[in-house]
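Written out below as C-alpha cells is the structure these notes cover.
The analysis underlying the following values was restricted to heavy atoms, covering all of them including side chains, and did not include hydrogens, waters or symmetry mates. Ligands are counted one by one from 1 in listed order, and the atoms in each one are counted from 1 as well. Along the sequence shown, residues carry numbers from 1. On a predicted model such as this, the values are computed, not experimentally measured, just so you know.
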Amino acid sequence: MIDYAGRYGTPLYVYRLEKVREAVTALRRGLPEGSRLYYSLKANPHPRIVRELTDLAVHAEISSSGELRAALAASQSPSDILYTGPGKTLQEVRTAIRSGVRRFSIESATERDRLAEAAEAEAEEIGCLIRINAPGPAAGSTGLRMTGVPSQFGIDFDQACAQPGLFRATGRLRPVGLHFFPATNVADPAALAREFRLSVETAAALRERTGFDPELIDLGGGFAAPFAKPGDLPDYGGLREVLESVLDRHLPGWRDGRPVIAFESGRHLTAACGTLLTTVLDIKHSGDRTYAILDAGTNVLGGMSGLGRIMAPAALPEPGADAGVDTREASGGEPAREAVTLVGPLCTPLDVLSRSAPLGSLKVGDVLRIPNTGAYGLTASLLAFLSHPPATEVVVDGAAEVHVRRLEVIETPLEGRER
Ligand SMILES: *Cc1c(COP(=O)(O)O)cnc(C)c1O
C-alpha cells in the first residue's frame with residue numbers, strides 16, 4: 001500500500017476513482033433502462049471526481065455559482081446541467097444562463113418569475129422543472145424524509161394543482177418537467193421504491209389535474225451510503241424491475257423517452273471513494289476519560305453532521321499493527337479495549353469526532369483511516385473555523401496519482417467596490 005500520509009502529510013483525503021466508477025456502474029444496474037443520472041456536486045465538488053463522472057455520462061446537478069464553475073471545469077456540457085436549490089438569485093441564474101445552462105428546477109412561483117426575468121434579460125429560451133412536495137408520506141419510509149411534510153423545498157402538491165399557470169410558458173421560460181426529491185439516505189431498497197412510486201403517482205395525478213405533460217421527470221434520489229464508518233454501499237440492483245413496472249403503469253411513454261426519467265445522487269456515488277487519514281497528535285487522560293487529539297477536527301470532517309456527533313461508537317477507525325503508517329483498517333469489529341474520545345485540534349469542546357471509540361493502544365504519531373468520507377467530507381466541514389490550512393486531497397486511480405491539491409480560504413479586499 002502506498003504511504004500517502006508519509007508523502008503528503010495529514011490530514012489527507014485520498015479519493016479512489018475506481019470506487020466512483022464501481023458505484024456508478026452498480027447504481028445504473030438498478031435504474032430503469034435509459035434513465036438519466038445526475039450527480040449532486042454538493043456531496044463532493046472536486047473537479048477531478050466530477051470529471052470522472054462526466055466521462056461516465058453522469059450529468060451535474062448544481063446549486064451555486066461555485067458548483068457551476070466546478071462542473072464546467074470538469075467538462076460538463078452546460079446544456080446537460082441541472083440547476084436546482086432554493087433561493088437562487090437573479091444574478092447567479094443570469095450567470096448560469098450566460099454559461100449555457102438551460103435547465104433549472106424552480107421551488108416556488110417567485111423563483112419561476114425570477115427565472116423568467118433572467119431568461120428575458122439574457123434573451124435565451126429556458127426550460128424549468130417544477131419541484132413538487134408530494135403528498136405523503138410513503139408507507140414505511142426511512143431515512144431523512146424531505147417531502148410530504150411542511151418543507152422549504154418545492155411546491156406543495158395541492159398548491160401546484162391550484163396554480164395551473166405554473167405549468168404554462170411565460171415569455172422565454174417553458175416548464176418542461178417535474179422534480180421530486182422525497183428523501184435522502186434510504187438504505188432499504190423497498191422503502192426507496194415506495195418513495196419513487198409515490199413520486200410517479202404524483203406526476204400522473206398532476207397531469208390529470210393540470211394537463212401538464214412533462215418531457216422530463218426527475219425522481220430525485222435517496223440512495224444511501226455509510227458515512228465515516230466502515231461498510232458497503234446498499235445494493236439497489238433489484239429496483240429496476242419494480243420501477244419499470246410502476247412507470248409502465250402510470251407513464252407508459254417513458255420507454256420512448258416521453259418523459260425522460262432522471263435520478264440524482266450525491267453520497268451514493270462518491271462516499272466510498274474517500275478515506276481520510278489523520279494523525280494522533282496527543283493522548284491525554286482526564287478523570288476516567290482518554291482523549292486522542294487528531295489533526296482532523298470538524299474543520300476537516302463532518303461539520304455538516306453537527307458538531308460532536310460524527311461517528312457512532314460502532315464507526316471507528318481501528319489501529320493496525322504498525323504505527324505511523326497508512327495501514328490501519330477501520331473495521332470496528334474488534335471488542336473495545338479502551339474507549340477513547342477522538343477530538344480535533346479546534347479550541348472548542350464541540351470539536352469531537354467520536355465520543356467513545358473502542359480503539360486499542362493508540363500512540364502519538366499513529367495514523368488513523370476514516371473510511372467512506374468521499375461525500376460530505378471536506379467541503380461540508382467548517383473549513384475556515386480556527387484558520388488551519390485545509391486538508392490536502394489526493395485523487396488516485398489504481399496505483400497512479402492523478403491529482404493533488406489543497407483548497408485555500410482566501411481574502412479578497414472589496415474597499416470601494418460593489419459586491
Ligand atoms: C442534497 C441533494 C441531493 C443529493 O443527496 P444525496 O443524499 O447526497 O444523494 C440530490 N438532490 C437534491 C435536490 C439535493 O438537495
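Here's the thing with Glu264: one of its N/O atoms is less than 3.5 angstrom from an N/O atom of ligand 1. Between Ala43 and ligand 1, no pair of N/O atoms sits closer than 3.5 Å. For ligand 1, none of its N or O atoms has an N or O atom of Thr84 under 3.5 Å away. Among the atoms of Arg267, some N or O lies under 3.5 angstrom from an N or O of ligand 1. Between Tyr376 and ligand 1, an N or O atom pair is found at a separation short of 3.5 Å. By the 3.5 Å distance cut-off applied to N or O atoms, Arg131 is not counted among the residues near ligand 1.
Each of the following atoms of ligand 1 lies closer than 4.0 Å to a heavy atom of Gly266: 4 (C), 6 (P), 8 (O), 9 (O). Close approach of ligand 1 to Thr184 is summarised as follows: ligand atoms under 4.0 Å from at least one heavy atom of the residue are 6 (P), 7 (O). Listed by number with element, the atoms of ligand 1 under 4.0 angstrom from any heavy atom of Ser40 are 3 (C), 4 (C), 10 (C), 11 (N).
Annotation: Phe180 is not in aromatic contact with Phe196 [ring centroid separation under 6.0 Å not met].
Not a single heavy atom of Ala375 sits less than 4.0 Å from an atom of ligand 1.
A donor-acceptor contact shorter than 3.5 Å is absent between the side chain of Asp156 and the backbone of Gln159. With hydrogens and angles ignored, the 3.5 Å screen pairs no side-chain donor or acceptor of Thr392 with any backbone N or O of Arg406.
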Handout entry: Stepwise side-chain hydrogen bond (donor to acceptor under 3.5 Å, both in side chains) check, Glu264 with Tyr39
Key = CA-CA 6 Å; Glu264 300 168 358; Tyr39 173 59; over 6 Å; no
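Side-chain contact check for Thr10 and Thr278: no donor-acceptor pair (N or O, by modelled atom type) lies under 3.5 Å. Side-chain atoms of Ser381 and Asn299 include no donor-acceptor pair closer than 3.5 Å.
Test His46, Glu393, His403 against Tyr15 for side chain to side chain donor-acceptor pair (under 3.5 Å) and you get one pass: Glu393. Checking each of Leu276, Leu362, Thr279, Leu277 against Leu368 for a side chain to side chain contact (heavy atoms under 4.5 Å, CB included) leaves exactly one that passes, namely Leu362.
Contacts of Glu61 with ligand 1, taken as heavy-atom pairs under 4.0 Å, involve the side chain alone.
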